[in-house]
Peer 1: 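First, the structure itself, so that you have it in front of you.
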Amino acid sequence: MKIVTWNVNSLAARLPRVVEFLGLHDPDIVCLQETKSESAAFPSDELAAAGYQSVEHSAGRWAGVAVLARADRSLVGTAGGLPGELRTEEARWVEATVDGLRVASAYVPNGRALGSPTFDEKLAFLDAIAARVERVAAAGEQIVVTGDLNVTRDDRDVWDPAAFAGSTHVTPDERTRLEAILEAGDLVDAYRYVHPDDRQFTWWDYRQGHFHRGMGLRIDYVLLSRTLAPRLERCGIERDFRKGVKPSDHAPLVAVIG
DNA sequence: ATGTCACACCGTGTGTGA
């Protein structure tokens, strides 16, 4: 089972790259973030033509999340929205059961600046994820939480920790909440499980040639139930999709469980 | 160096969010 998470920074702008990716990697499940689409404009037909069924949770020009499942997989129990989230209109969480796995695609608020109202909303969203995974785990389901969590787990996930002093994405407030999500669902960070010592990133700012200068962050995750971890065959970041024609500022993260 | 991108809006540029 190949599971992918990818913040595409507009699905309309990225559709050619997404279809290219589907053809190249033949994933079973693809979780998308920042689809930036109206529901009515979501490219379900184009994705179906590429062999994928989809569930989307959309809010127009900002945010928006989706879960794609290859046509031969079972996609049931779809639900948009995160119980307890403050801004239900923002479309930052969608979940579905794919072949028995409870899969979520999450786009955590950026937070903008420490102490801002949106930073508090970011922390509250992370708390709501922890509450949700605890509930799903208690129901005995196997969980795969994916997405752009907009938090680095530790300083290895930051190209230059000193450059982020006083910024979001690196604070103890955010990192302790990410750890709390892992604990609440008894989940593991798939990339870190497979690569305990590597320093690779999933996001690079478009500006200033950050990608080519190695100036990135690891903020996109596949978190899965600890019981699934021994089945992890690989987990990698597809950096080639951060290059080429009209790339997203995020690279896809791919996890394979046997 | 707020140096890039994407989207909405009557717009050939500006505001907003990342």
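Fair warning: this is a prediction, and the values are worked out from it, not measured in the lab. Computed over heavy atoms, backbone and side chain alike; hydrogens, waters and symmetry mates excluded.
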Peer 1: So, A:Tyr206 side chain and A:Asp249 main chain: donor-acceptor pair closer than 3.5 Å or not?
Peer 2: yes

Peer 1: What side-chain donor-acceptor pairs closer than 3.5 Å can you find for residues 251-258 of chain A, not counting sequence neighbours?
Peer 2:
none

Peer 1: What distance, rounded to whole Å, do you find between the two P atoms, one in B:dA1 and one in B:dG13?
Peer 2: 27 Å

Peer 1: Does the side chain of A:Asn150 come under 3.5 Å of the side chain of A:Lys122 through a donor N or O and an acceptor N or O?
Peer 2: no

Peer 1: Using a cut-off of strictly less than 4.0 Å between a heavy atom of the residue and any atom of DNA chain B, enumerate the qualifying residues of residues 215-223 of chain A by number.
Peer 2: none

Peer 1: Could you give the CD-to-C1' distance, from A:Glu34 to B:dT16, as a whole number of Å?
Peer 2: 13 Å

Peer 1: Round to a whole Å and report the spacing from CH2 of A:Trp204 to P of B:dC5.
Peer 2: 16 Å

Peer 1: For A:Thr152 and A:Arg218, test the side chains for any donor-to-acceptor distance below 3.5 angstrom and give the result as yes or no.
Peer 2: no

Peer 1: Of the candidate nucleotides B:dT16, B:dA18, B:dT4, which contains the atom at the shortest distance from the side chain of A:Arg92?
Peer 2: B:dA18

Peer 1: Between A:Asp205 (CG) and B:dG17 (P), how many Å, whole number?
Peer 2: 17 Å

Peer 1: Do A:Glu56 and A:Ser54 have a side chain donor and acceptor closer than 3.5 Å?
Peer 2: no

Peer 1: Assign a letter to each nucleotide of nucleotides 8-14 of chain B from its 5' end: B, base within under 4.0 Å of a protein heavy atom; S, sugar-phosphate only; -, no contact.
Peer 2: S------

Peer 1: Could I get the full list of side-chain hydrogen bond (donor to acceptor under 3.5 Å, both in side chains) partners for A:Glu38, not counting sequence neighbours?
Peer 2: none

Peer 1: With DNA chain B as reference, determine whether A:Asn7 or A:Gly209 sits nearer its 5' end, using the nearest nucleotide of each.
Peer 2: A:Gly209

Peer 1: Only pairs under 3.5 Å count here: list side-chain donor-acceptor contacts from residues 131-139 of chain A, not counting sequence neighbours, and write none if there are none.
Peer 2:
residue, atom, partner, partner atom, Å
A:Arg132, NE, A:Glu95, OE1, 3.0
A:Arg132, NE, A:Glu95, OE2, 3.4
A:Arg132, NH2, A:Glu95, OE2, 2.6

Peer 1: Please give, in whole Å, the distance from B:dA18 P to A:Glu90 CD?
Peer 2: 8 Å

Peer 1: Do A:Ser37 and A:Thr35 have side-chain atoms, one donor and one acceptor, less than 3.5 Å apart?
Peer 2: no

Peer 1: Looking only at atom P, what distance separates B:dG15 and B:dC10, rounded to whole Å?
Peer 2: 14 Å

Peer 1: Determine the Euclidean distance between corresponding C1' atoms of B:dG11 and B:dT16; express it in Å to zero decimal places.
Peer 2: 16 Å

Peer 1: Quick one: label A:Tyr107 by what it contacts on the DNA or RNA (base, sugar-phosphate, nothing), any heavy atom closer than 4.0 Å.
Peer 2: sugar-phosphate

Peer 1: Does a side-chain N-to-carboxylate-O contact under 4.0 Å join A:Glu121 and A:Arg87?
Peer 2: yes

Peer 1: Can you tell me the pairing partner of B:dT12 across any strand shown, Watson-Crick or G-U wobble, with both distances under 3.5 angstrom?
Peer 2: none

Peer 1: By nearest heavy atom, map A:Asn9 and A:Pro109 onto DNA chain B; which one lands nearer the 5' end?
Peer 2: A:Asn9

Peer 1: Would you say the ring centers of A:Trp159 and A:Phe201 fall short of 6.0 Å from each other?
Peer 2: no

Peer 1: In whole Å, I'd like the distance from the CZ atom of A:Arg14 to the C1' atom of B:dC5.
Peer 2: 8 Å

Peer 1: Check the distance between B:dT4's C1' and A:Arg242's CZ and give it to me in whole angstrom.
Peer 2: 9 Å

Peer 1: Tell me which residues in residues 147-159 of chain A put a heavy atom below 4.0 Å from DNA chain B, sorted by number, or none.
Peer 2: none

Peer 1: How many Å lie between CG on A:Asp249 and P on B:dA6, as a whole number?
Peer 2: 9 Å

Peer 1: Which class fits the ring pair A:His250 and A:Trp203: parallel under 30°, tilted 30 to 60°, perpendicular over 60°?
Peer 2: tilted

Peer 1: How about A:Asp148 and A:Gln33: does a side-chain donor come under 3.5 Å of a side-chain acceptor?
Peer 2: no

Peer 1: At less than 4.0 Å, is any side-chain N or O atom of A:Arg112 found next to OP1 or OP2 of B:dA18? Yes or no.
Peer 2: yes

Peer 1: Rounded to whole angstrom units, what separation is found between the NE2 atom of A:His212 and the P atom of B:dT4?
Peer 2: 13 Å

